[in-house]
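Notes follow the structure.
Each chain gets a letter, A, B and so on, in the order its sequence line appears, and its residues count up from 1. These figures come from a predicted structure and were not determined experimentally. What you see below is based on every heavy atom in this structure, not just the backbone, and it leaves out hydrogens, waters and symmetry mates.
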Amino acid sequence: MPELPEVETVRDGLARHVLGRRVEAVEVRRDSAVRRQAGAVPEFAGRLTGRTLSAAVRRGKFLWLLLDEPAVDGPIGVPGEALQAHLGMSGQLLVRGTATPPVEHPHLRARLHLGPTADAGPVVLDFVDQRTFGHLTVVDLVPTADGAPGGYGSAVAAVPEPVAHIARDLLDPALDRAVLVARLRARRTDLKRALLDQTLVSGIGNIYADEALWRARLHYARPTDSLSGAGVGAVLDAARDVMTEALRAGGTSFDALYVNVNGSSGYFDRSLAVYGQEGRPCGRCGAVVVREPFMNRSSFRCPRCQRRPRRSPERRTTAHPATRRT
DNA sequence: CCCGGATCCTGCTGGC
DNA sequence: TGCCAGCAGGATCCGG
């Protein structure tokens with residue numbers, strides 16, 4: 001499942017293979033692939049055709065390609081537009097030269113025909129997505145609230161409008177760690193739920209959440225407001241470290257659903273400590289890793305290293321109307 | 001505003 | 001051998 005390291009691997013591949021290319025033609029093979037697009041397929045293709053891809057940018061699991069040469073008579077003062085992609089659970093972006101006939105993948109959802117660069121011939125960029133949770137959209141950019149670059153891969157201080165509410169990720173130099181720690185501790189919820197909340201900190205999915213919790217020796221149901229600042233810092237460091245290591249290894253791959261932009265799978269999954277390791281010994285203490293349902297998903301943990309907290313988060317009672325501010 | 005559960009979707013797997 | 005329930009889990013929507 002693509003999380004931050006996998007999406008970054010894709011972003012890097014796109015940066016090396018599609019920038020400076022003009023979109024010559026757009027094929028949408030399945031309309032729902034652009035379901036987030038106002039104006040549906042015609043607007044998607046219309047806003048994309050003829051544009052040049054100028055940067056590949058990522059924030060958390062969101063990915064976008066900046067579009068040069070804005071549409072004629074576009075609104076003044078708008079920072080620009082982007083082709084935004086989210087890979088969902090199973091999305092892939094595959095780049096292929098045109099020397100050989102394009103592969104008609106059964107889960108091909110959209111195909112962009114991209115023109116040549118000074119150095120290389122035209123290519124085809126395929127969006128393939130078996131489980132169809134991913135999508136593509138052409139969107140307007142909005143300025144970042146803090147004036148810092150919108151994400152990794154470009155100095156432009158703007159993000160796609162649908163990404164504006166997504167928090168910065170743990171590898172973002174502009175992330176305000178102190179604010180993040182304070183916000184996380186102010187939550188009244190389970191720690192893993194907070195780690196998965198993309199509006200709090202982005203890029204972490206089910207796999208790296210479990211790995212980070214194991215490294216920090218914390219239980220997924222640990223109440224966020226029972227953690228010290230140091231404890232929160234430790235689990236955030238663990239998440240940052242495990243994602244950095246996965247990135248170095250080329251991203252995690254499961255069941256061949258994820259491959260990088262050139263079609264080669266990552267191999268970091270061999271290094272996972274707990275995720276998918278039910279019944280196998282904890283690499284630290286030897287206790288048998290367990291799988292438990294949590295948030296309608298699976299959570300994997302070591303029952304000895306990651307003890308269940310004594311109390312669950314106290315349920316927040318509805319605020320009294322008299323104390324509620326508008 | 002904050003929280004948490006339901007929902008979307010497809011294909012594979014395992015039990016009977 | 002065939003059928004079907006269960007499972008995988010991103011983001012978003014909506015009720016409380």
I'd like a list of close polar pairs between nucleotides 13-16 of chain C and the protein, N/O only, cut-off under 3.5 Å.
none

**Report entry** Most 5' of Thr132(A) and Asn296(A) on DNA chain B, judged by nearest nucleotide
**Finding:** Asn296(A)

Requested in this report: Determine whether the side chains of Glu27(A) and His113(A) contain a donor N or O and an acceptor N or O closer than 3.5 Å.
Outcome: yes

Query raised in the report: With sequence neighbours left out, what residues match Ser298(A) under side-chain hydrogen bond (donor to acceptor under 3.5 Å, both in side chains)?
Result: Arg291(A)

Query - Test: Asp126(A) and Arg111(A) ion pair at under 4.0 Å - result: yes

Query raised in the report: Under 4.5 Å between any side-chain heavy atoms of Val10(A) and Asp12(A), yes or no?
Result: no

Query raised in the report: Any side-chain N or O of Thr189(A) less than 4.0 Å from the OP1 or OP2 oxygen of dG4(B)?
Result: yes

Query raised in the report: With a 3.5 Å cut-off and just heavy-atom distances, do the side chain of Arg297(A) and the base of dG10(C) make a donor-acceptor pair?
Result: yes

Requested in this report: Let me know the distance between CZ of Arg183(A) and C1' of dC2(B), rounded to the nearest Å.
Outcome: 11 Å

Report task. May I have the distance from Asp197(A) (atom CG) to dC1(B) (atom P), rounded to whole angstrom? Result -> 15 Å

Report task. Pull out every residue in residues 57-66 of chain A that has a heavy atom closer than 4.0 Å to any atom of DNA chain C, ordered by number, or say none. Result -> Lys61(A), Phe62(A)

Query raised in the report: Just to confirm, is there a sub-4.0 Å distance from OP1 or OP2 of dC3(B) to any side-chain nitrogen or oxygen of Arg187(A)?
Result: yes

Requested in this report: Select base, sugar-phosphate, or nothing to describe what His135(A) touches, counting heavy atoms under 4.0 Å on all strands.
Outcome: nothing

Query raised in the report: Is Lys192(A) salt-bridged to Glu211(A), cutoff N-O under 4.0 Å?
Result: no

Report task. Give me the bend of the helix from dC2(B)-dG16(C) to dC16(B)-dG2(C), using the axes of the five pairs at each end, rounded to 10°. Result -> 50°

Query - Of the listed nucleotides dC9(B), dC3(B), dA11(C), the one nearest the side chain of Arg188(A) - result: dC3(B)

Query raised in the report: What pairs with Glu43(A) under salt bridge (charged side-chain N to carboxylate O under 4.0 Å, His left out), at least two apart in sequence or on another chain?
Result: Arg47(A)

Query raised in the report: Just checking, is any N or O donor in the side chain of Arg30(A) or Ser32(A) under 3.5 Å from an acceptor N or O on the other one?
Result: yes

**Report entry** Rounded interatomic separation in angstrom, taking CZ from Arg35(A) and C1' from dT10(B)
**Finding:** 12 Å

Query - Rounded distance in Å - CZ (Phe133(A)) to P (dC7(C)) - result: 15 Å

Query raised in the report: Rounded to the Å, how far apart are His165(A) NE2 and dG10(C) C1'?
Result: 12 Å

Report task. Have a look at Arg291(A) and say if it touches a base, only the backbone sugar-phosphate, or nothing, with a 4.0 Å heavy-atom cut-off. Result -> sugar-phosphate

Query - Partners meeting side-chain hydrogen bond (donor to acceptor under 3.5 Å, both in side chains) with Thr199(A) (sequence neighbours left out) - result: Asp197(A)

**Report entry** Integer-rounded Å distance: dA8(C) C1' and Met295(A) CE
**Finding:** 15 Å

Is there any protein nitrogen or oxygen under 3.5 Å from a nitrogen or oxygen in nucleotides 11-14 of chain B, and what are the pairs?
from, atom 1, to, atom 2, distance (Å)
dG11(B), O4', Gln130(A), OE1, 3.3

Requested in this report: Starting from P on dA11(C), measure out to CD on Gln198(A) and report it in whole angstrom.
Outcome: 4 Å

Listing, residues 58-65 of chain A side-chain donor-acceptor contacts under 3.5 Å, not counting sequence neighbours, or none:
from, atom 1, to, atom 2, distance (Å)
Arg58(A), NE, Glu8(A), OE1, 2.8
Arg58(A), NH1, Gly60(A), O, 3.1
Arg58(A), NH1, Asp169(A), OD2, 3.0
Arg59(A), NE, Gly150(A), O, 2.9
Arg59(A), NH1, Ile166(A), O, 2.8
Arg59(A), NH2, Gly150(A), O, 3.0
Lys61(A), NZ, Ile204(A), O, 3.2

Query - Residues forming a side-chain hydrogen bond (donor to acceptor under 3.5 Å, both in side chains) with Glu161(A), sequence neighbours excluded - result: none

Report task. Determine whether Leu66(A) and Leu141(A) make a side-chain contact, defined as any pair of heavy atoms from C-beta on separated by less than 4.5 Å. Result -> yes

Report summary line: The complete set of ring pair (Phe, Tyr, Trp, His ring centres under 6.0 Å) pairs with one or both residues in residues 277-304 of chain A, sequence neighbours excluded, reads Tyr220(A)-Phe294(A), Tyr275(A)-Phe300(A)

Report summary line: Lys192(A) atom NZ is separated from dG4(B) atom C1', nearest whole Å, by 15 Å

Query raised in the report: Listed by chain and number, what are the side chain to side chain contact (heavy atoms under 4.5 Å, CB included) partners of Arg240(A), not counting sequence neighbours?
Result: Leu170(A), Leu171(A), Arg177(A), Asp237(A), Thr244(A)

Query raised in the report: Which pairs count as salt bridge (charged side-chain N to carboxylate O under 4.0 Å, His left out) when at least one residue sits in residues 141-154 of chain A, sequence neighbours excluded?
Result: Asp146(A)-Arg168(A)

Report task. For atom CZ of Arg280(A), decide whether the heavy atoms of other residues, nucleotides or ligands shown that lie under 6.0 angstrom number more than 12. Result -> no

Query raised in the report: What is the nucleic acid contact for Ser298(A), judged by heavy atoms within less than 4.0 Å: base, sugar-phosphate only, or nothing?
Result: sugar-phosphate

